[in-house]
S.K.: 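First, the structure itself, so that you have it in front of you.
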Amino acid sequence: MSTQIPKQTEESSETETDAEVASKGDERRTEKRRRAAEERARRQAEEAEKAAADEDTIELKVFRYDPEVEGKQEPRFDTFHVPFTKGMTVLDALMYSRDNYDSSLTFRHSCRQAVCGSDAMFVNGGQKLACKTQIVELEEPIRVEPLPHAEVEKDLVVDMEHFYDQMEAVEPYFQTNEYPDGELEEQRQTRENREKVKMSTRCIWCGACMSSCNIAAGDNEYLGPAAINKAYRFAMDEREGEEVKQKRLEIIEQEHGVWRCQTQFSCTEVCPKDIPLTEHIQELKREAVKNNLKFW
Amino acid sequence: MSQSYNRGLIEDFSRWREFEAGMWAWIFHKFTGWVLIGYLFTHIAVLSTGIPAAGASEAAIMAGEDVYTQTIVSLESLLLVRLLEVGLLAVAVFHMLNGTRLLLVDLGVGLESQNKSFYASLILTGAITVASVPTFIAGAF
């Protein structure tokens, strides 16, 4: 069960070596620690066995990999049997496995309520937010893998740097040079305009869409659905004004901008916040065309 | 995000089984597109036999002994060619229907039901193909 480095010393340690070097307190202490670790491993193994035999447990197959640990350099899947409780999510099951079976199991999580966007994973062949994916909705055994098309750092943790670079490339912040009259006047948005950008503001930067996108997988320069959605959120915001919108359109209509999208709808299917990504990308394509059409 | 780090296990682990409708539509559209391009060239090759045939005498053409007619007749006598024609129709019909679907997607019409329109174009393709079988296969045996 435990996925730490396999212990080769288990057999030899049975022989009592205390007598020869009994004087050293250090050695005794390390010996004690080693025994405690063994005891813990044994207890965990027992518990895991019990859990495996139990009816009401779920089987979790988790991707394991760690380039820095010799025993884990070859990627593999570990099986955990987690007692099921009502309302359990994939994240809950992972946390149970980590806390009770293998403390080296690594994954990102923070708010546990689909707001922080840290725990997007590849669950049973789909990009899902682990904290909002109910166990009961999945087929067993549940396969949990890190997001595809990103480098794995360790276990379920992937390198998100490229994703963040793409997000920043579209300048994901409000900018304007059209200010209302009056020093203390607020920049008001109409209700209709707010409704228009409403869904696009829900992005939590989890990276599920980017990972699901076939085009982004093959084209490293493609902005990706999340970044384009971010661009949509601001390009459609009327408060930014014409000049800024023009600048935004220039960013998104580049070669590796909106035109790379081939409407496979993968991003829209996996988005945990139900953002109509493809729709937004298509609308930006039409905006870009309208922007460039000149009849004289 | 495709830095070449071979994840082996995970990257090639039967991901296609998890594809959604939109992805299948994209793959089929690519596939049928290439098939149609391939067909275009064989089509041109077969039709080009009409150039030498045009020089044949009036009588030969009337009797159906020119190169063009001979080529067509011999091709049509093969069962394989008949079957391929049914396949070609299926490919062309799907490409047309899905192309219409993509047109609507580009116009932003009915994006919520894009998967249904994909299934609809599949079913319609199947129906049209089945209906065409008698016409294509008639006299092949």
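Only a predicted model underlies this, so the values are computations on that prediction, with no experimental measurement involved. Note that these values count all heavy atoms, side chains included, but never hydrogens, waters or copies made by symmetry. Residue numbers start from 1 in every chain, and the chains themselves are labelled A, B, ... in the order their sequence lines are given, proteins ahead of strands.
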S.K.: Select, from B/E20, B/E112, B/Q114, the one with the greatest count of heavy-atom pairs under 4.5 Å involving chain A.
M.R.: B/Q114
S.K.: Would you say A/Q127 and A/S212 are linked by a side-chain donor-acceptor pair, where the criterion is simply a distance under 3.5 Å?
M.R.: no
S.K.: What part of A/E269 gets within 4.5 angstrom of chain B, counting heavy atoms only: side chain, backbone, both, or neither?
M.R.: side chain
S.K.: Please verify the inter-ring angle class for B/F94 with B/F118; under 30° counts as parallel, over 60° as perpendicular, anything in between as tilted.
M.R.: perpendicular
S.K.: Please check: side-chain N/O of A/R64 versus main-chain N/O of A/Q73, any donor-acceptor pairing under 3.5 Å?
M.R.: no
S.K.: Can you tell me which portion of B/I27 sits under 4.5 Å from chain A's heavy atoms? Options are side chain, backbone, both or neither.
M.R.: neither
S.K.: Taking B/G22, B/A21, B/A25 one by one, which has the highest count of heavy-atom pairs under 4.5 Å against chain A?
M.R.: B/G22
S.K.: Give the C-alpha distance, both sets of side-chain angles, the deciding distance and a yes or no for ring-ring contact (aromatic ring centres under 6.0 Å, His included) between B/F31 and B/H29.
M.R.: CA-CA 5 Å; B/F31 174 74; B/H29 202 75; over 10 Å; no
